[in-house]
Amino acid sequence: MTRYAILIDTSKCIGCNACTIACKDQFVDNDWPPYSSAQPGPNGDFWMQVMVKEWGKAADASTKVRYLAEPCMQCENPPCVAAATDGAAYKRPDGIVILDSVKSKGQKQIVDACPYGKIFWNDQLQIPQKCTLCLHRLDKGLQPACVNACPMEVIRVGDEAALASAITDMKAKVLSPELGADPKVYYAGLPD
Amino acid sequence: LRRKKKIGNSEKMSEKKNESIADKKISRRSMLKWTAGLAVAGAVGIGVGYEVSQLLTPAPPAPPTPPPETVSTTVPDVYWEEEGAFPAGSHSHGSGPAEVNRVHVKNGKVFYVEPLNITADEANSLWSITAGGKTFSRGAFPRTANSAMGLAYKSRLADPTRVRYPLKRVDFTPGGASDVTTRGKGDFVRITWDEAFDTVASEIQRVKAKYGNPALFMYYSPHIDSQLNNGNASFQKMRVMIGGITEPNPGGFTERIHEGWTWSTWTLAGSSTWGYTGSHGLAPETDNLPDTMQNAKLLVFWGTDPTQVSLPYGGQECARWRQWIKELGIRMVAINPLFTDTAAVYCDQWIPIIPGTDVAMALAIANVWIKEGSYDKDYVATHTSGFDKFSDYVLGNAAGPDGKIDRTPEWASKITGIPADTITALAREWGSKTTSLSAYESGSCRTSYGHEWGRMMVLLQAMQGLGKPGVNIWHAGVKGNPFPQGKRAKGFANMTTAGVTKYTTNWQSAKDGVPINPCKQVLHQLNIYDNAATDWAKNPPMTWMGFTGEPYTFQTPKEIFTQQTYPSPGCSEVHLVWRNGGGGGYGMMGTDTTSVGRAYQKPGKIEFLVVTAPRMECEAKFADIILPCCQIGEVNDCGANSQMGTMLVYTPKLVEPLGETLPDFDICAGVLERLGVKSAFTEGNTYEDFLKKMYEASDCPLSWEEFKAKGYYIFPWKETPLAPAWKWYYDKPQGEGLQTPSGKIEFYSGLLAEHYGPDSMWCTPKYYDSPHGRYSPAAKKYPLQVVTPHSRYRCHSKNRNTPFLQNLRTFQGDIINGYNAASINPADASARGIKEGDIVRLYNDTGQILCYAHLTERVRQGVVPVPWGSWWDPSEPGNPDSVDKGGCCNVLLSRWTDANGVKYDVGNPNGGPALEGRFTNSPIWFGNHGHSILVEMEKWTGA
């Protein structure tokens, strides 16, 4: 049984947001039931979002930058699942966390529960929404839209066991491990 | 300066519109659609008072498809059903699609978009480079490397600012007597295509009859969407018909000089050093990618950011090249006031130079090399001329007080803000390692005296033996990869160069039997608005130096000294302007954008302004008549793309054109039909005929039908010996064959000596303080230097309001909450009490704009990048005191001579009386100086 993990090599990421746009393109106006309803509109919601980390100072030319493409972290202990009632958020056996478009109606606390800020409130449908790892595409044997669109091959999605040695070799880390959510998105190439 | 709230007026306008709709007896359904379209037009209309964010609020989506009755564990197939998936060009820059997607279509709409994935056989046929014992193959990544801009295709078609119907300015009536003072302020009413065509044709005839052909001025942005391969092919050809090619005594029309706005300082730099005239004076860069990968040990990005600037030429393709260069361990250094994405991801060192001081650093590098002997003395002796005079200036052995300065790294340090040790270390590394130089498409050439920087780039590499393996100058992106040899897409640039018509795109290079444009009057791109905005054009007539015509058509370096006068003897001023593209690319490009409004509003000048516009942007808002043009994907088209090699792409009509929009071919034909010259335009062909003929002029082995069915063809690569651009020159024992007076690379320019005199200061490149730079007296009042980089999410002004491309918070080019981002160093921000996300006012004596403040250590102190291309949205167009909420950086960009004709004290470099004429870049060059702007910035508290 596949248990999905995501490995993102920040040393190659040029911050171009091709992943962000491919994600919007896939979900705005398009329903993919039972995994997701259409993303409401172009602004505000970033199921995939490129964040910028800066270090150093321009004054001594020590500035350093890394871009972090941030989808849903597909946590092993997902706070959103804990916050949801009626099974509106659930973790599948393959590790992908899904928000049920019907059961989650009105459950705004699911948005607030995510410590990574990766769940967005759809005001029109009154439901929380997020990245599904393009489960509708994985089912068809296709790569997630962000992976397919990345011009630099930064994002890898696969079975955690298959990615394990790369994760170790590249010293990839998860974001905010202290939160205890045990996220399954690993970032390589970050400074210590 | 308060922005006036005029929501009430706008509501009244809507009522008025509804009345006129009712009059026209349009069905309720189309009326609703139409009202929506006009609301959008009103929303971007100046002074109406809508917030941009309101404008971008999406229409309520269709109700979501109800979940299927039976709960499914996977997505039911019905959600995947589609009409098809087609290769399609995404957007164009100059000619042909810049990026190619595969577009999925469902229910007559774009379903989703992805990069074009190719077959294994096709991937195996692509080019590769062997370097450092490894093979780097393009085919290892078997799809197009597209950018966010390319992938936002679905959203761009749905841009709410698109114009849906032909529109007429409310206050306009044909005949030359309309009130032009309300241009840009009023609203529009919908008209029929018949009325639009009739009006344009009758105004052309009226102006032609009254003032003569020179009063006609028809120009274009090279960046509207591809149709017939090149967004301007139809328009350019149409101009010839309007100019009177079919009449016994054709009068022509006033030609636009494209030069000046782009990399034009390279035109002077290139002409005076290596004698290249084409392509803005840039020399070819053939095979410079393999040359660099195989031979270079250091790659210097001087003012360049190809990770960004290459986007409109092929998406993110060349970012992959730099990843290879990084993998080969070639050291990379960025000299740039900004910590660009190229610097951030690839460079080992950032040298955050003060904008406009690059020449000082270059001179110091030469100083180190001369003193330490670390340059190629043999090459300099055989392949260059005039080194002694250059060397005297660099070492302080020249005549005059200016000639006595030893231009050491210590001297340069005080100017550039870079420690002397850093400059010395770079000079020593560059002098000892094989070094490739990325200097094309550099911001450094868009500063005051930018041509002196271009000259220094050529001369530094000449000191290191330009043409020696690994010693080259290029973009380090866009071009220089191995291309299929002998299998170019011959003549596929556009319908005119494809040889399918006897008319060329401009008359300067017309073919046999077609007379050249008989009108010798030209208008400089940067002067278009000045002339109409002020009386300066009349008293005295405006004069300037520069060649006639397009940048790609001048033949000898001497042509850059052609004296131009406007109005030319015997010629009328321009009274009719037809703008193709409506700022679709270079919206409001002119320096001091406010003068654009004044120009269009000045009585007695431009009597008729017609704009072919896909979107309600910039000039379109001032137009008397707007002709809405459809987009790529709404009409069949084909073009060449260079993302993976050489690829021909057929872009079918994927969706219906929005509203009543028409292809620009049909727009041109519609007007020409009324002028009775349509048949000369079509030459008996339909649009489809032209597409087919263009295709058949290429070397593609597929039949037209096969090509259309497959959608693309990639020419296989055949490996041939590499021939890096300057090898031929390096291989000549005595360096010869260039178009310079000596035939060699010139440190002392024979061209400039001939024109300005042998002792002129211009003969060797020198450092000068900019009147708009850090050391100008004006900097006391306006201490921040604005630079205007390209945006990451726009092709110039195109995509400014594409919904998907909003609020992407990275760097250099974000529209955040409707505002253009101004990035500022936290130290500068804190001194002004500015915090992240504040709306700030940037102002100087030329204008004022509002931006969103973004605090970052990616800019050196004292520098504020304001990405170029954001749409001008002033509170009162034409009023110099207006605040521009659009954040259009050119509002802040002053001339050397201000709008009232007051000249900056630039003196005369030759020691004579002060120079007459208008300059923008320097006293000897009319060109872009968009990175030389001084401002102050404050938190905006206005309403």
Side-chain angles (χ1 to χ4, degrees), chain A residues 10-22 24-44 46 49-52 54-67 101-102 124-125 135-137 139-140 142 145 148-153, chain B residues 56-58 60-62 64-65 67-68 71-76 79-80 109 111-115 117 141 143 145-148 151-155 307 315-317 319-320 323 339 341 344-345 349-352 792-793 803-811 825 827 856-861:
Chain A
T10 65
S11 71
K12 286 182 177 176
C13 179
I14 57 175
C16 71
N17 270 305
C19 54
T20 313
I21 301 305
K24 286 199 161 296
D25 181 64
Q26 193 74 199
F27 290 101
V28 170
D29 294 341
N30 295 333
D31 289 315
W32 299 110
Y35 307 133
S36 58
S37 297
Q39 199 180 106
N43 283 307
F46 290 99
Q49 185 167 26
V50 177
M51 310 299 275
V52 194
E54 272 184 30
W55 299 266
K57 294 276 180 198
D60 61 359
S62 64
T63 306
K64 295 276 177 280
V65 164
R66 277 284 188 269
Y67 288 114
S101 299
V102 178
Q124 276 141 0
L125 301 178
L135 195 44
H136 64 290
R137 290 177 61 93
D139 284 349
K140 288 260 176 193
L142 300 169
N148 188 40
C150 177
M152 304 308 294
E153 299 171 281
Chain B
L56 294 173
T57 305
T65 319
V71 176
S72 168
T73 51
T74 56
V75 176
Y79 291 90
W80 280 100
K109 289 161 71 175
F111 181 21
Y112 66 94
V113 167
E114 58 183 332
N117 285 279
F141 183 72
R143 55 188 171 271
N146 287 351
S147 73
L151 292 162
Y153 181 71
K154 173 165 95 174
S155 182
T307 309
Q316 299 292 355
E317 279 297 325
R320 301 186 57 83
Q323 184 65 36
F339 193 60
D341 285 326
V345 182
Q349 184 184 4
W350 177 35
I351 300 179
R792 189 110 204 206
Y793 307 112
F804 281 3
L805 298 173
Q806 310 290 306
N807 293 334
L808 302 171
R809 291 164 186 259
T810 50
F811 178 61
N825 187 284
T856 173
E857 292 287 351
R858 299 182 70 167
V859 297
R860 72 161 289 144
Q861 238 180 295

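All values below come from the heavy atoms of this structure, side chains included, with hydrogens, waters and symmetry mates left out. Chain letters run A, B, ... following the sequence lines, proteins first, then strands; residues in each count from 1.
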Legend entry - Sequence-distant partners of B:Asn825, side-chain hydrogen bond (donor to acceptor under 3.5 Å, both in side chains), two or more places apart: B:Glu857
Inset, instruction - Might you work through the side chain to side chain donor-acceptor pair (under 3.5 Å) test for A:Tyr67 and B:Asp341, ending with a clear yes or no? - result: CA-CA 10 Å; A:Tyr67 288 114; B:Asp341 285 326; 2.4 Å; yes
Inset, instruction - Check whether any side-chain heavy atom of A:Asp25 sits under 4.5 Å from a side-chain heavy atom of B:Ser155, and report yes or no. - result: no
Legend entry - Flag side-chain contact, heavy atom, 4.5 Å: A:Lys140 against B:Val75: no
Inset, instruction - Could you pull out the closest heavy-atom pair between A:Gln26 and B:Tyr112, with the gap in Å? - result: NE2-CD1, 3.5 Å
Legend entry - Where A:Asn148 and B:Pro115 come nearest, the two heavy atoms and their spacing: O-CG, 3.6 Å
Legend entry - B:Arg858 side chain vs A:Glu54 backbone, donor-acceptor pair below 3.5 Å: no
Legend entry - Side-chain touch A:Tyr35/B:Thr74, heavy atoms, less than 4.5 angstrom: yes
Legend entry - Main-chain N/O of B:Ala148 paired to A:Asn17 side chain as donor or acceptor, under 3.5 Å: no
Inset, instruction - Please check if the side chain of B:Lys154 supplies one atom and the backbone of A:Val28 the other of a donor-acceptor pair under 3.5 Å. - result: yes
Legend entry - Portion of A:Lys64 that has a non-hydrogen atom of chain B nearer than 4.5 angstrom: backbone
Inset, instruction - For the residue pair B:Trp80 and A:Trp32, categorise the inter-ring angle as parallel (less than 30°), tilted (30 to 60°) or perpendicular (more than 60°). - result: tilted
Legend entry - Side chain / backbone / both / neither for A:Cys150 at chain B, heavy atoms under 4.5 Å: backbone
Legend entry - Region of A:Asn30 in contact with chain B, defined by heavy-atom distances below 4.5 Å: side chain
Inset, instruction - Look at A:Leu135, A:Val65, A:Asp139, A:Val52 and state which one has the largest set of heavy-atom pairs under 4.5 Å with chain B. - result: A:Val65
Inset, instruction - Could you tell me which residues satisfy side-chain hydrogen bond (donor to acceptor under 3.5 Å, both in side chains) with B:Gln316, sequence neighbours excluded, listed by chain and number? - result: none
Legend entry - Closest approach of B:Trp350 to A:Ala61 (non-hydrogen atoms, all atoms of both residues): O-CB, 3.4 Å
Inset, instruction - Please state whether the side chain, the backbone, both or neither of A:Thr63 comes within less than 4.5 Å of a heavy atom of chain B. - result: both
Legend entry - Distance (rounded to the nearest 0.5 Å) between B:Leu805 CG and A:Lys24 NZ: 10.5 Å
Inset, instruction - Pick whichever of B:Ala319, B:Ser147, B:Gly315 has the most heavy-atom pairs under 4.5 Å with chain A. - result: B:Ala319
Legend entry - Which atoms of B:Phe111 approach chain A - backbone, side chain, both or neither, heavy atom under 4.5 Å: both
Inset, instruction - Output, in order, the C-alpha distance, side-chain angles, deciding distance and verdict of side chain to side chain contact (heavy atoms under 4.5 Å, CB included) for B:Phe804 and A:Thr20. - result: CA-CA 9 Å; B:Phe804 281 3; A:Thr20 313; over 6 Å; no
Legend entry - Interatomic spacing from CG in B:Asn146 to CD1 in A:Ile21 - rounded to 0.5 Å: 12.5 Å
Legend entry - Atom of A:Ala58, atom of B:Val859 and distance for their closest heavy-atom approach: CB-O, 3.4 Å
Inset, instruction - Please determine which of B:Arg792, B:Arg320, B:Gln323 meets the side-chain contact (heavy atoms from CB on, under 4.5 Å) test together with A:Ile14. - result: B:Arg792
Legend entry - Distance-minimising heavy-atom pair for A:Gly15 and B:Tyr793: O-OH, 3.7 Å
